[in-house]
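What follows is a single structure, written as structure tokens, with notes after it.
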Amino acid sequence: SADQGYADAQRRLGEIYEYGWGIEKNYTDAAFWYRKAAEQGQREAQYLLASLYALGKGVEASDKEAAYWFEKSAEQGNPGAQYKLGMYYKLGVGVTQNYTNALTWFRKSAENHHSDAMCEVGLINYYGLGVAQNYKEALTWFRKAAAQGNVASQYYIGSCYYAGWGVAQNFEEAVSWLLKAANSGYSAAQYALGVCYEYGRGVVANAESSLHWYRLAARAGDANAQQ
């Protein structure tokens, strides 16, 4: 059926080649079949082809081609593609950097319940990227993402409570959120807990606990903890 032009079957065949289901992996063949399906408007195939261009698997790596196909998929409502396209606009990868476009695509993805996109909407408001800095708006989005288990958002909620940004300062609440992220291996949260235990903020000061969190953060590559 793939040869007869059924886009879903073509995408499926591409996946079989990409992941080596029952046959040897072949990224070139995967790209070939993804493109067949993508050109017929199959949104998942467009996303998968974009991902191959981003990684340079089976095709020559091209951020522009990746952005092109992510956009095609995003326009058809694929939340993952909307998120990726938002990241490309935020970072200026394959497209001209544009925070307004980034926010537009992050919002679309967030409306489709993509937790990383929710976090990114929060970050754009948190840092004031192309918009007025707004910690309360940021917190709203971080909470939505955290409710889905988004670890980065848990850290940023903790940071907001720690600094009193967009919410009344509360070290105990900060520690509660930082612990969630730290226990999932988020190095910045581990470092922040080291600080909390060192100076007794939200917890009883404890040198041993402080050292424990600093060490974990350092092992995870946190630059502050390594100093």
Side-chain angles (χ1 to χ4, degrees), residues 79-80 82-84 86-91 97 99-100 102-227:
Q82 292 167 338
Y83 166 72
K84 287 280 191 182
M87 289 303 296
Y88 274 33
Y89 274 114
K90 180 183 176 182
L91 302 172
Q97 188 178 48
Y99 292 129
T100 304
L103 182 57
T104 297
W105 287 110
F106 286 144
R107 278 188 178 278
K108 285 180 188 290
S109 183
E111 285 161 11
N112 285 316
H113 313 294
H114 195 293
S115 70
D116 287 337
M118 292 173 185
C119 182
E120 287 295 336
V121 175
L123 288 171
I124 280 179
N125 283 281
Y126 184 90
Y127 289 110
L129 303 176
V131 296
Q133 195 171 41
N134 186 331
Y135 291 121
K136 281 193 174 176
E137 180 72 5
L139 260 175
T140 298
W141 286 100
F142 290 147
R143 288 187 192 282
K144 286 181 181 182
Q148 291 192 31
N150 185 276
V151 177
S153 291
Q154 293 168 347
Y155 164 73
Y156 280 102
I157 294 170
S159 295
C160 286
Y161 274 111
Y162 187 90
W165 289 337
V167 69
Q169 189 177 48
N170 184 325
F171 289 135
E172 287 80 9
E173 194 69 19
V175 167
S176 167
W177 282 102
L178 291 171
L179 265 172
K180 290 178 196 283
N183 284 329
S184 292
Y186 200 83
S187 65
Q190 292 169 339
Y191 176 78
L193 278 175
V195 173
C196 289
Y197 274 105
E198 182 176 359
Y199 297 104
R201 292 172 186 162
V203 289
V204 176
N206 184 311
E208 195 176 329
S209 294
S210 175
L211 189 59
H212 166 75
W213 287 112
Y214 282 144
R215 277 184 177 148
L216 283 180
R219 281 185 205 133
D222 187 88
N224 290 313
Q226 289 171 347
Q227 288 172 5

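On a predicted model such as this, the values are computed, not experimentally measured, just so you know.
When every heavy atom of Ala117 is checked against every heavy atom of Ala110, the shortest pair comes out as CB-N, 3.7 Å. Taking every heavy atom of both residues into account, Ser109 and Pro79 meet most closely at OG-O, 2.8 Å. In this structure, Gln190 and Ala220 approach most closely via the heavy-atom pair OE1-CB, 3.9 Å. A pairwise comparison of heavy atoms in Ile124 and Val131 identifies O-CG2, 3.6 Å as the closest pair.
In this structure Lys90 satisfies the side chain to side chain donor-acceptor pair (under 3.5 Å) test together with Glu120, sequence neighbours excluded. For Gln82, the side chain to side chain donor-acceptor pair (under 3.5 Å) criterion is met by Asn112, not counting sequence neighbours. In this view, Glu137 and Arg107, Asn125, Asn134, Trp141 satisfy the side-chain contact (heavy atoms from CB on, under 4.5 Å) rule, not counting sequence neighbours. Residues forming a side-chain contact (heavy atoms from CB on, under 4.5 Å) with Tyr186 (at least two apart in sequence, or on another chain): Val151, Ala152, Tyr155, Tyr156, Ala181, Ala188, Ala189. For Val203, the side-chain contact (heavy atoms from CB on, under 4.5 Å) partners at least two apart in sequence or on another chain are Val175, Cys196, Tyr197. Judged as a side chain to side chain donor-acceptor pair (under 3.5 Å), and not counting sequence neighbours, Tyr191 has no contacts.
Pairs passing the salt bridge (Lys or Arg N to Asp or Glu O under 4.0 Å) check and including a residue from residues 174-197, sequence neighbours excluded, do not occur. The salt bridge (Lys or Arg N to Asp or Glu O under 4.0 Å) analysis of residues 139-157, with sequence neighbours excluded, yields no pairs. Identified under the salt bridge (Lys or Arg N to Asp or Glu O under 4.0 Å) test for residues 198-220, with sequence neighbours left out: none.
With contacts defined as side-chain heavy-atom distances shorter than 4.5 Å, the pair Val195/Tyr214 qualifies. For the pair Ser176/Tyr161, no side-chain contact is recorded, criterion being any heavy-atom separation below 4.5 Å from C-beta on. Taking the side chain as every heavy atom from C-beta outward, Thr104 and Lys108 approach each other to under 4.5 Å.
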Inset, instruction - Mind running ring-ring contact (aromatic ring centres under 6.0 Å, His included) on Tyr89 and Tyr99 for me, showing each step along the way? - result: CA-CA 6 Å; Tyr89 274 114; Tyr99 292 129; over 10 Å; no
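In this structure, the separation between CG on Leu211 and CG on Asn206 is 10.0 Å, given to the nearest 0.5 Å. Between the OG atom of Ser159 and the CG atom of Leu139 there is a distance of 10.0 Å, given to the nearest 0.5 Å.
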List the atom pairs, donor and acceptor, that lie under 3.5 Å between side-chain atoms in residues 164-173 and the rest of the protein, sequence neighbours left out.
| unit_1 | atom_1 | unit_2 | atom_2 | d |
| --- | --- | --- | --- | --- |
| Gln169 | NE2 | Tyr162 | O | 2.8 |
| Asn170 | OD1 | Glu172 | N | 3.1 |
| Asn170 | OD1 | Glu173 | N | 2.9 |
| Glu173 | OE2 | Trp177 | NE1 | 3.3 |

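Distance alone, capped at 3.5 Å, places no donor-acceptor pair between the Ser115 side chain and the Ala145 backbone.
Using the six-membered ring where Trp is involved, Phe106 and Tyr83 have ring planes that are tilted, between 30° and 60° apart.
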